[in-house]
Number of protein chains: 2
Amino acid sequence: MTVSRVLRNRGDVSQATRDRVLEAAKTLGYVPNKIAGALASQRVNLVAVIIPSLSNMVFPEVMMGINEVLDETPLQPVVGVTNYDPQREEKVLYEMLSWRPSGVIIAGLEHSDAAKSMLKAAGIPVVEIMDTDGEAIDACVGISHRRAGRKMAKAILKAGYKNIGFLGTKMPLDHRARKRFEGFTEVLAKEGIEISDREFYEGGSALAKGREMTEVMLERTPELDFMYYSNDMIGAGGLLYCLDQGINVPGQIGLAGFNGVELLDGLPRQLATMDACRKEIGRAAAQIIADRSGESGDTGGGERIELSPKIAAGQTLKRR
Amino acid sequence: MTVSRVLRNRGDVSQATRDRVLEAAKTLGYVPNKIAGALASQRVNLVAVIIPSLSNMVFPEVMMGINEVLDETPLQPVVGVTNYDPQREEKVLYEMLSWRPSGVIIAGLEHSDAAKSMLKAAGIPVVEIMDTDGEAIDACVGISHRRAGRKMAKAILKAGYKNIGFLGTKMPLDHRARKRFEGFTEVLAKEGIEISDREFYEGGSALAKGREMTEVMLERTPELDFMYYSNDMIGAGGLLYCLDQGINVPGQIGLAGFNGVELLDGLPRQLATMDACRKEIGRAAAQIIADRSGESGDTGGGERIELSPKIAAGQTLKRR
DNA sequence: CTGAAAGCGCTAACAC
DNA sequence: GTGTTAGCGCTTTCAG
């Protein structure tokens with residue numbers, strides 16, 4: 001009835017009745033039931049956001065970007081965490097889709113077949129984020145991790161380093177880290193160079209792991225003159241370790257990480273890194289959903305935004 | 001009809017029909033509509049989680065605790081972020097309640113009157129987390145930040161420090177930081193000691209800010225022999241700064257932070273801190289909601305769990 | 001064990 | 001401008 005109209009600021013209602021309704025609503029402590037509303041209107045202002053983890057700052061930062069633009073709209077994000085587990089991803093996705101959200105933002109391009117079918121069948125905007133190396137179901141915004149790996153390899157070679165070590169996570173399911181690694185070794189291979197040593201970790205404090213791994217690797221392969229870390233946190237650990245040991249960085253050994261986390265600003269020396277454009281990705285993805293959910297005929301589709309991460313050479317990647 | 005029964009594994013359905021239904025559901029790619037289900041059953045398996053921020057690791061860690069226990073139940077968390085803004089908190093809360101969740105987990109004990117009324121009127125379990133210094137609406141799990149501040153002050157005094165500086169965030173709305181500060185100065189006052197200097201920051205990289213603030217303060221008040229940081233990140237920045245400057249820690253100056261973040265493990269020296277029991281808080285809060293949402297008559301109510309944070313004295317808070 | 005029927009609290013379309 | 005009506009897609013209750 002009329003009440004519904006005023007509560008949603010729709011069309012013709014006289015000021016008098018409007019006031020009366022608002023008054024009543026307030027005194028009764030009335031909170032509309034969105035479930036009923038959604039069912040009736042076939043519209044749910046929720047955006048499903050599916051990410052692998054909350055345990056490092058990267059996804060929370062993406063969330064912040066998403067929040068920023070969704071705040072300007074009636075849309076609300078609902079997040080689900082998969083722990084890098086395809087099974088869980090499938091389940092979380094199913095749960096979310098059963099709420100008939102206005103769109104979904106999901107990390108990565110790799111999903112189980114079932115997940116892909118659900119996404120395709122959902123008939124809502126789907127934005128796959130963080131990665132552009134592969135085929136998207138619908139829209140896609142991110143960076144090319146393969147290209148990022150290549151770019152860093154080139155910069156390192158150009159700076160004159162030759163004996164390069166790689167340190168990363170032991171995560172077969174972190175496809176983005178894997179792609180960076182592939183791009184990285186690819187460029188090295190072209191120059192006839194192979195990774196001199198490599199080390200992988202899982203669990204624990206990344207900073208501490210970075211220290212440990214660096215120690216182990218330097219002991220095992222003393223001729224190393226560069227270490228490429230698959231994320232800034234272990235890179236920072238490595239940097240702190242080197243400084244502790246009185247190792248000249250980058251004189252004796254150069255270092256680089258990946259992500260461009262804010263944390264690096266406070267380190268004794270600025271670690272070379274590459275900005276993964278996390279907030280920007282969140283913002284762009286949310287924008288796509290917001291734009292499309294406004295339209296009627298789902299005009300858009302298949303948007304593809306590839307951001308280009310830039311190297312922040314810091315002080316740990318200098319020409320020798 | 002029957003279909004509904006098999007999809008929910010309810011009561012008496014013959015294996016034959018069950019199979020037939022499952023079969024049909026699969027081939028049709030049927031995903032049940034939870035909105036309709038929720039409306040009909042008056043049951044929504046969502047738990048609203050309202051937190052101030054995602055920008056440091058503390059709340060993501062609480063989330064992980066919540067996820068852990070909710071994963072074992074049909075309940076699903078939905079998070080809302082307030083940016084420490086009571087206005088936003090009110091709005092976010094309103095939005096969430098309009099989905100009629102099974103419970104709400106909300107950070108802090110300080111809310112606007114409107115927010116409090118909504119929470120009281122909602123008729124669902126409400127767990128206020130992180131803080132126990134004040135009056136809870138319903139259940140409450142956290143630590144006493146006032147007590148935490150007092151405890152740290154005692155430890156510092158006992159270790160023989162006299163000229164103490166405080167460094168924290170410029171956040172009038174971070175009640176927990178404020179309470180820690182109050183507890184801290186209270187104990188000092190009892191011993192006839194006043195904070196020698198203080199400094200507050202906002203925005204930017206906490207690690208970098210920690211460095212800057214430490215530098216500024218040491219210049220301004222050279223007689224300081226201890227610095228108490230309101231979080232570990234700025235504490236870590238301070239520690240790195242001191243080490244850079246060749247300042248003997250804790251010989252010349254002692255340091256302590258707050259939170260017990262994992263990051264500290266990788267630092268050149270272990271910063272003294274106090275574990276805020278974040279994951280544990282998340283777990284306990286989720287458990288309360290889970291337990292109560294199982295019962296019919298909302299048996300429980302008013303649970304109050306106060307965890308006691310322990311000092312991890314690290315290497316930067318040693319008897320002089 | 002299975003079907004039919006009556007809502008859940010709203011929105012949308014249509015009268016008044 | 002305002003009231004009325006018919007569903008939205010399920011769950012629930014009650015008959016068969």
Side-chain angles (χ1 to χ4, degrees), chain A residues 1-46 48 73-76 94-102 118 121-124 293-298, chain B residues 1-46 48 74-76 94-102 118 121-124 293-294 296-298:
Chain A
M1 48 155 100
T2 325
V3 176
S4 171
R5 278 189 270 261
V6 7
L7 261 7
R8 287 178 301 137
N9 298 306
R10 290 298 219 88
D12 317 310
V13 189
S14 74
Q15 193 55 43
T17 19
R18 156 174 259 104
D19 289 346
R20 225 152 35 85
V21 173
L22 254 25
E23 172 71 23
K26 182 158 280 179
T27 62
L28 293 179
Y30 172 78
V31 176
N33 185 331
K34 283 215 175 150
I35 303 173
L39 182 59
S41 66
Q42 303 288 288
R43 246 196 320 264
V44 182
N45 288 326
L46 293 177
T73 74
L75 267 22
Q76 252 220 315
Y94 182 82
E95 296 287 318
M96 296 244 161
L97 287 181
S98 70
W99 286 102
R100 303 286 188 272
S102 301
M118 281 193 261
I124 54 176
S293 86
E295 300 150 13
S296 41
D298 209 334
Chain B
M1 47 157 102
T2 325
V3 175
S4 171
R5 279 190 270 261
V6 8
L7 263 5
R8 287 178 303 134
N9 299 306
R10 289 297 219 93
D12 317 310
V13 189
S14 73
Q15 192 55 43
T17 18
R18 155 175 260 105
D19 289 345
R20 225 153 34 84
V21 172
L22 254 24
E23 170 72 23
K26 181 158 282 179
T27 62
L28 294 179
Y30 173 79
V31 176
N33 185 332
K34 284 215 174 151
I35 304 173
L39 181 59
S41 65
Q42 303 289 288
R43 247 197 314 268
V44 183
N45 288 328
L46 293 177
L75 267 21
Q76 251 220 316
Y94 182 82
E95 297 286 318
M96 297 244 161
L97 288 182
S98 70
W99 286 102
R100 302 287 187 271
S102 301
M118 282 193 261
I124 54 178
S293 86
S296 42
D298 208 335

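Everything numeric here is computed off the predicted structure, so don't read it as measured data. A, B, ... follow the sequence lines: proteins, then strands. Residue 1 opens every chain. Because only heavy atoms are used, hydrogens play no part in the values below, and waters and symmetry mates are left out as well, while side chains stay in.
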When you check the phosphate oxygens OP1 and OP2 of [N], does a side-chain N or O of [X] lie under 4.0 Å from one of them?
{"X": "B/Ser41", "N": "D/dC10", "value": "no"}
{"X": "B/Gln42", "N": "D/dC10", "value": "no"}
{"X": "A/Tyr30", "N": "C/dG9", "value": "no"}
{"X": "B/Thr17", "N": "C/dC1", "value": "no"}
{"X": "B/Ser14", "N": "C/dC1", "value": "no"}

Nearest whole angstrom, please: distance from the [atom2] of [N] to the [atom1] of [X].
{"X": "B/Arg100", "N": "D/dC10", "atom1": "CZ", "atom2": "P", "result": "21 Å"}
{"X": "B/Ile35", "N": "D/dC10", "atom1": "CD1", "atom2": "P", "result": "10 Å"}
{"X": "B/Leu39", "N": "D/dG9", "atom1": "CG", "atom2": "P", "result": "12 Å"}
{"X": "A/Asn33", "N": "C/dG9", "atom1": "CG", "atom2": "P", "result": "7 Å"}
{"X": "B/Arg43", "N": "C/dC8", "atom1": "CZ", "atom2": "P", "result": "16 Å"}
{"X": "A/Arg20", "N": "D/dG1", "atom1": "CZ", "atom2": "C1'", "result": "12 Å"}
{"X": "B/Leu97", "N": "C/dG9", "atom1": "CG", "atom2": "C1'", "result": "17 Å"}

*In Å and rounded to the nearest 0.5 Å, what is the CZ to OG distance from B/Arg20 to B/Ser14?*
8.0 Å
_Spacing of A/Tyr30 atom OH and A/Leu22 atom CG [to the nearest 0.5 Å]_ = 12.0 Å
*Evaluate side chain to side chain contact (heavy atoms under 4.5 Å, CB included) for B/Asn45 paired with B/Ser102, printing each intermediate quantity in order.*
CA-CA 6 Å; B/Asn45 288 328; B/Ser102 301; 4.2 Å; yes
*Tell me, with the steps shown, if B/Ile35 and A/Lys34 meet side chain to side chain contact (heavy atoms under 4.5 Å, CB included).*
CA-CA 9 Å; B/Ile35 304 173; A/Lys34 283 215 175 150; over 6 Å; no
